[in-house]
Amino acid sequence: MANLLYITTSINGASGVSRGFGDTLAHGLAAKTGATLVARDLAANDLPLISAERFAANLTPAADRTPQQAELAAVADTLIAELQAAETIVIASPIYNFGPPASLKAWADLVARAGTTFRYTASGPEGLMKGKRAYLAIASGGTPVGADFDFMSRWLTFFLGFLGITDVTIIAADGIMGEGAEEKIAAAHAKVAELIG
Ligand SMILES: Cc1cc2nc3c(=O)[nH]c(=O)nc-3n(C[C@H](O)[C@H](O)[C@H](O)COP(=O)(O)O)c2cc1C
């Protein structure tokens with residue numbers, strides 16, 4: 001049976017707005033499709049940042065790794081296996097400083113592995129994670145999702161597309177530090193209800 005990978009990033013944990021409707025979406029979709037929900041909370045900030053040694057280890061085929069490289073590549077191996085096993089990916093995340101939280105960028109730096117999740121071809125890179133569906137549950141204080149200066153949803157959509165995940169649905173409660181916050185959050189929950197209904 002396929003998995004649903006549920007990635008969360010908010011430093012506010014379960015009380016965060018993105019987790020509010022992200023949780024409902026992830027659990028609702030899993031129940032609807034019969035998928036097994038695999039949760040990956042990045043907010044603990046326990047993913048390592050990429051380094052030259054880790055990058056080299058990640059790119060070395062498993063059979064050729066030194067024991068030290070095997071240790072360095074283990075985290076990315078786990079994250080990539082989670083991604084490969086998922087038919088659906090739900091990412092619930094705030095916008096931080098106009099882009100993704102650093103933890104989500106760290107995740108991306110680990111799962112982007114040439115030859116495994118994408119490959120280089122004569123006509124450019126090709127994503128190898130095709131056939132998956134992604135949902136982005138995004139919260140922001142003032143940055144409208146889709147604005148020129150929203151480097152979160154634009155980057156994340158592009159990055160997923162780079163991996164071959166082009167079926168991306170965005171649900172946003174954006175600009176919730178301004179007027180009409182309650183309505184915006186309610187609208188995001190209503191869209192989630194529609195999606196899982
Ligand atoms: C470090 C940090 C940076 C932030 N930067 C932005 C930003 O660039 N644009 C924005 O609209 N909101 C920004 N916010 C506000 C959050 O996006 C907003 O509070 C959102 O609701 C947080 O999501 P959560 O409730 O799921 O934690 C920032 C918040 C933090 C903590």
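Only a predicted model underlies this, so the values are computations on that prediction, with no experimental measurement involved. As the structure lists them, so they are numbered: ligands from 1, and atoms in each ligand from 1.
Remark: ligand 1 and F98 share an N or O pair separated by less than 3.5 Å (distance only, no angle test). Among the atoms of Y96, none of the N or O lies under 3.5 angstrom from an N or O of ligand 1. The shortest N/O to N/O separation between R19 and ligand 1 does not fall below 3.5 Å. Annotation: M177 places no N or O atom under 3.5 Å from an N or O atom of ligand 1; distance criterion only. Not one N or O of G16 is nearer than 3.5 Å to an N or O of ligand 1, by distance alone.
When hydrogens are left out, the protein atom nearest atom 12 (N) of ligand 1 is G141 N, 3.0 Å; that is the closest non-hydrogen contact. At the top of the distance list for atom 26 (O) of ligand 1, counting protein heavy atoms only, stands S18 OG, 2.6 Å. Nearest protein heavy-atom contact of atom 14 (N) of ligand 1 is I95 O, 3.4 Å. Given atom 27 (O) of ligand 1, the protein heavy atom at minimum distance is S10 OG, 2.4 Å. The single protein non-hydrogen atom nearest to atom 25 (O) of ligand 1 is V17 N, 2.7 Å, given as residue, atom name and distance. Protein heavy atom at the shortest distance from atom 9 (N) of ligand 1 is T143 OG1, 2.8 Å. From the protein, the heavy atom lying nearest to atom 23 (O) of ligand 1 is P94 CB, 3.1 Å. Shortest contact from atom 7 (C) of ligand 1 to any protein heavy atom: N97 N, 3.6 Å.
The part of I176 lying near ligand 1 is the side chain, judged by heavy-atom distances below 4.0 Å.
Salt bridge absent: K130 and D167 never bring a charged side-chain N and a carboxylate O closer than 4.0 Å. A salt bridge links R113 to D77: at least one charged side-chain nitrogen sits closer than 4.0 Å to a carboxylate oxygen. Between R40 and E82 a salt bridge is recorded (basic side-chain N to carboxylate O distance below 4.0 Å). For the pair D150 and R154, the salt-bridge criterion is not met [side-chain N within less than 4.0 Å of a carboxylate O].
Proximity to G142 (heavy-atom distance under 4.0 Å) selects the following atoms of ligand 1: 10 (C), 11 (O), 12 (N). Each of the following atoms of ligand 1 lies closer than 4.0 Å to a heavy atom of N12: 24 (P), 25 (O), 27 (O).
Between T116 and Q84, the closest heavy-atom pair is CG2-NE2, 3.7 Å. Taking both residues in full, the closest heavy atoms of F159 and V111 are given as CZ-CG2, 4.0 Å, listed atom of the first, atom of the second, then distance. Pairing each heavy atom of S103 with each of N45, the nearest pair is CB-OD1, 3.5 Å.
Ring geometry, F118 versus F162: the interplanar angle falls from 30° to 60°, so the pair is classed tilted.
For D23 and Y6, the side-chain atoms include at least one donor-acceptor pair closer than 3.5 Å.
Between V90 and the choices L37, I171, L25, the side-chain contact (heavy atoms from CB on, under 4.5 Å) rule is met once, by L25.
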